J.: 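The structure follows.
So that the names make sense, note that chain A is the first sequence line, chain B the second, and so on, each numbered from 1. What you see is a predicted model, and the numbers here were worked out from it, not measured in a lab. What's counted below: heavy atoms across the whole structure, side chains too, no hydrogens, waters or symmetry copies.
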Amino acid sequence: MENAEYARLLSETADLMEIGAEDGFRIRSYRNAASAIESYPERIEDILADPARSVTDIPGVGKGIASVLEELRLRGSFDRRDQLLEKYPPTALEMLKIQGLGPKSIALIIEHFRVTTIDGLERLCREQKLRTLPRMGARIEEKVLRSIASYRQRAGRFLLSFASEAAAELKQYLSEGCRVERISEAGSLRRGKETVGDVDILVTVSDPGEVLDLVTRHSRVHEVLAKGGNKASVRFGLEGLQVDVRALPAESFGAAMQYFTGSKTHNVALRQRALKMGYTLNEYGLFRLEGGGRVAGEDEEEVYRALGLAWIPPELRESGGEIEAAEAGRLPRLIELADIRGDLHMHTVETDGRASLEEMAAQAAAQGLEYIAITDHSKALAMANGLDEARVVAFARKVRELNRRGDLPVRVFSGLECDIRRDGSMDIEEDALAELDIVVASVHSHMNLEPAEMTDRLLRALESKSVKIIGHPTGRILLHRDGFPFDFERIAAEAGRRGVALEINASPERLDLHGPLLRAAKAHGVRFTISTDAHHPRHLANMIYGVRTARRGWLEPGDVLNTLPAGQLLSAMRQTG
DNA sequence: GCCGTTTTCGGCCCGACTGTTTTCAGTCG
Ligand SMILES: Nc1nc2c(ncn2[C@H]2C[C@H](O)[C@@H](COP(=O)(O)OP(=O)(O)OP(=O)(O)O)O2)c(=O)[nH]1
Ligand SMILES: [Mg+2]
Ligand SMILES: [Mg+2]
Ligand SMILES: [Zn+2]
């Protein structure tokens, strides 16, 4: 069982516990443990199997959850979950996804009507039976029917890139349509999370009504979920993206940004800290508990400072030790887009790219890059017309010639994205690889191996002398498939030892490696590259998403090889000789 | 169920919107 599965079972059990009206703090503990496990870089299964290790070393996992995990490993479920499932069938969990319907209502519905499915719920509303329950009326029946309709449209999470574009469009619309003082994206979008559940936008205005009216009147807003004097929630665009707009007075901008950026657990931790220091923190400001005097609020940095903390970059606000680091003055100096000097993974018309080497080079120069590596596919990707040995050698020669002539606008490194075969060997002979400046080795096939087999495969790939970088190391495709399971710590340790870089693939549907794995790998001394894997010149602009992801992994410029000048790059990589 | 410059027991963030209520519970951010 993979960590995502352990996390799902804990989190679903928390949902069932909530329907069962169990203690809210215990439920929170289950949720916290679930999210800790979901982002934990090591396989829970491996830790459980090792008598020298304990899962209680994971923050948020104590004795209770540890025994739950052990039971899960042995039989795939645990007592408390089984008991809850006797009372509430698994379909009850689906009912929770209907917006506006929470655990209390669902418990009532199940108790009174024995209805446990969305279809059954829909019938109750149509037959006007919901209103017979306490505190339920006709309006709620209508609202639930609307929620069921949008649930069936399947708006789940969205790629960061998609949401960023929607947010930019909305910010412009609001700025042009009324007098906003300040406007900023917030929530998971500001934290640079790879996928976001909605778009959160904060505005400071003197007249909130004006901006909230404007949002709900946007031509692409087709449903208003809620609207009051301070905030509005709408569904936007064909995809049904939810947009939350929060309006506040200018003197609260900093506290509001802090609140609305989250994450939720970061907020809770910060607010607890405030209480211990004799303050209370909300989106309006930081106030003294005694007397209620305001201590901070206009500026976000000021809020953190008043709590004895350095300002914490949004990407770090995930309850991963950032508050302790801010207190100790040990926050990293995070990498920025301006630190990036080159892009080391891209394709051309030689394989499945859409532009020539020259066109890619021209666009790279236009973006201010000093160098690129062209890394087309190898022959295993026959559909993409991958390069064989002869073409690899010819390509290396061509690039040497192009650079010698010096009429390219950036330095071009000869490269290859070489397939890692099922047994871990390279798809191209070592002699040919040695002709190239940079070899990115990637898995594109046989991704359903057993974890141990996949680990051995990657270990063998690391042995190949010409391999400088492992491309998109986990193989995940956001919103479609999880990465393939393997012993990441072991691979990271070996990559660190051999000086093989691990890639942060900046393609918006990959963002692989990502935050938690980056931190774990950095602890093993691994260095990284951030590359776009561009198949078209416009994809080179995706670099920013890779940088945001690197920041979520606490990376500094020195951790990332393509912050180096062209002349220092190759010597900083694994030495073949 | 977790956790600890105040604690190994006793706390655990705080506010907006909705619908139904005659003073607030439920849900969501
Ligand atoms: N203090 C506090 N703040 C919260 C709570 N729930 C949400 N927030 C804040 C922090 C969140 O980042 C912010 C936006 O809420 P969202 O539900 O949109 O979450 P977020 O954007 O973090 O993740 P998402 O990708 O949208 O699922 O509001 C809460 O229970 N307490
Ligand atoms: Mg959000
Ligand atoms: Mg939101
Ligand atoms: Zn690839």
J.: Grab the CZ-C1' distance between A:Arg131 and B:dT20 for me, whole Å please.
T.: 14 Å
J.: Is it the case that B:dG15 (base atoms only) and A:Tyr284 (side chain only) share a donor and an acceptor within less than 3.5 Å, ignoring hydrogens and angles?
T.: no
J.: Students often get this wrong, so: under 4.0 angstrom with heavy atoms, is A:Gly229 touching a base, only sugar-phosphate, or nothing?
T.: sugar-phosphate
J.: Between the main-chain N or O of A:Tyr284 and the side-chain N or O of A:Ser252, is there a donor-acceptor pair closer than 3.5 Å?
T.: yes
J.: Which nucleotide sits closest to the side chain of A:Lys231: B:dC13, B:dT18, B:dG15?
T.: B:dG15
J.: If pairing requires Watson-Crick or G-U wobble contacts with both distances under 3.5 Å, which nucleotide is the partner of B:dC24?
T.: B:dG19
J.: Would you indicate what A:Leu270 reaches in the nucleic acid, counting non-hydrogen atoms under 4.0 angstrom: base, sugar-phosphate, or nothing?
T.: nothing
J.: Under 4.0 Å, heavy atoms only, any strand: does A:Ala256 hit a base, just the sugar-phosphate, or nothing?
T.: nothing
J.: Would you say A:Arg273 places a side-chain N or O within less than 4.0 Å of OP1 or OP2 belonging to B:dC13?
T.: no
J.: Picking from B:dT18, B:dA16, B:dT7, which would you name as closest to the side chain of A:Ala226?
T.: B:dT18
J.: Students often get this wrong, so: under 4.0 angstrom with heavy atoms, is A:Lys63 touching a base, only sugar-phosphate, or nothing?
T.: sugar-phosphate
J.: Ring-plane angle category for A:Phe162 and A:Phe158, please: parallel below 30°, perpendicular beyond 60°, tilted otherwise.
T.: parallel
J.: Please determine if a side-chain N or O atom of A:Ser233 lies less than 4.0 Å away from the OP1 or OP2 oxygen of B:dC17.
T.: no
J.: Please pick, from B:dG29, B:dG1, B:dC17, the nucleotide with the shortest atom-to-atom distance to any side-chain atom of A:Ile65.
T.: B:dG1
J.: Report which part of the nucleic acid A:Gln242 touches: base, sugar-phosphate, or nothing (heavy-atom distance under 4.0 Å, all strands).
T.: sugar-phosphate
J.: Hey, what do you get for CD (A:Glu301) to CG (A:Leu309), rounding to the nearest 0.5 Å?
T.: 11.5 Å
J.: Could you tell me whether A:Leu275 contacts a base, only the sugar-phosphate backbone, or nothing, with contacts defined as non-hydrogen atoms closer than 4.0 Å?
T.: sugar-phosphate
J.: Is any side-chain heavy atom of A:Asn267 closer than 4.5 Å to one of A:Gln258?
T.: yes
J.: For A:Pro103, which contact category applies under a 4.0 Å heavy-atom criterion: base, sugar-phosphate, or nothing?
T.: sugar-phosphate
J.: Could you label the plane-to-plane angle of the A:Tyr304 and A:His266 rings as parallel, tilted or perpendicular, counting under 30° as parallel and over 60° as perpendicular?
T.: tilted
J.: Taking atom P of B:dG1 as reference, at what distance in whole Å does atom CZ of A:Phe25 sit?
T.: 14 Å
J.: Measure the spacing between CG of A:Asp46 and CZ of A:Arg490 and express it to the nearest 0.5 Å.
T.: 10.5 Å
J.: With a 4.0 Å cutoff (strictly under), does any side-chain N or O of A:Arg31 reach OP1 or OP2 of B:dG1?
T.: no
J.: Within this structure, what is the NZ-to-P distance between A:Lys104 and B:dC24, rounded to whole angstrom?
T.: 17 Å
J.: Rounded to whole Å, how long is the line connecting atom CZ of A:Arg26 with atom P of B:dG11?
T.: 17 Å
J.: Answer with base, sugar-phosphate or nothing: what part of the nucleic acid does A:Lys276 contact at a heavy-atom distance below 4.0 Å?
T.: base
J.: Which part of the nucleic acid does A:Asn282 contact within heavy-atom distance under 4.0 Å: base, sugar-phosphate only, or nothing?
T.: sugar-phosphate
J.: Separation of A:Leu133 atom CG from B:dT21 atom P, in whole Å?
T.: 12 Å
J.: Would you mind classifying the nucleic acid contact of A:Tyr30 as base, sugar-phosphate or nothing, using non-hydrogen atoms under 4.0 angstrom?
T.: sugar-phosphate
J.: Can you check whether A:Leu214's main-chain N or O pairs, donor with acceptor, with A:Tyr173's side chain at less than 3.5 Å?
T.: yes
J.: Tell me the interatomic distance from A:Phe260, atom CZ, to B:dA16, atom C1', rounded to whole angstroms.
T.: 11 Å
J.: Starting from C1' on B:dC14, measure out to CG on A:Leu286 and report it in whole angstrom.
T.: 13 Å
J.: Under 4.0 Å, counting only non-hydrogen atoms across every strand here, what does A:Asp200 touch: a base, just sugar-phosphate, or nothing?
T.: sugar-phosphate
J.: At 4.0 Å (heavy atoms only), tell me whether A:Arg246 reaches a base, stays on the sugar-phosphate, or touches nothing.
T.: sugar-phosphate
J.: Classify the side chain of A:Arg135 versus the base of B:dC24 as yes if they form a donor-acceptor pair under 3.5 Å and no if they do not.
T.: yes
J.: Compare side-chain N and O positions of A:Arg139 against OP1 and OP2 of B:dG19 and report whether any pair is under 4.0 Å apart.
T.: yes
J.: So, is A:Gln272 close to the B:dC12 phosphate, meaning a side-chain N or O under 4.0 Å from OP1 or OP2?
T.: no
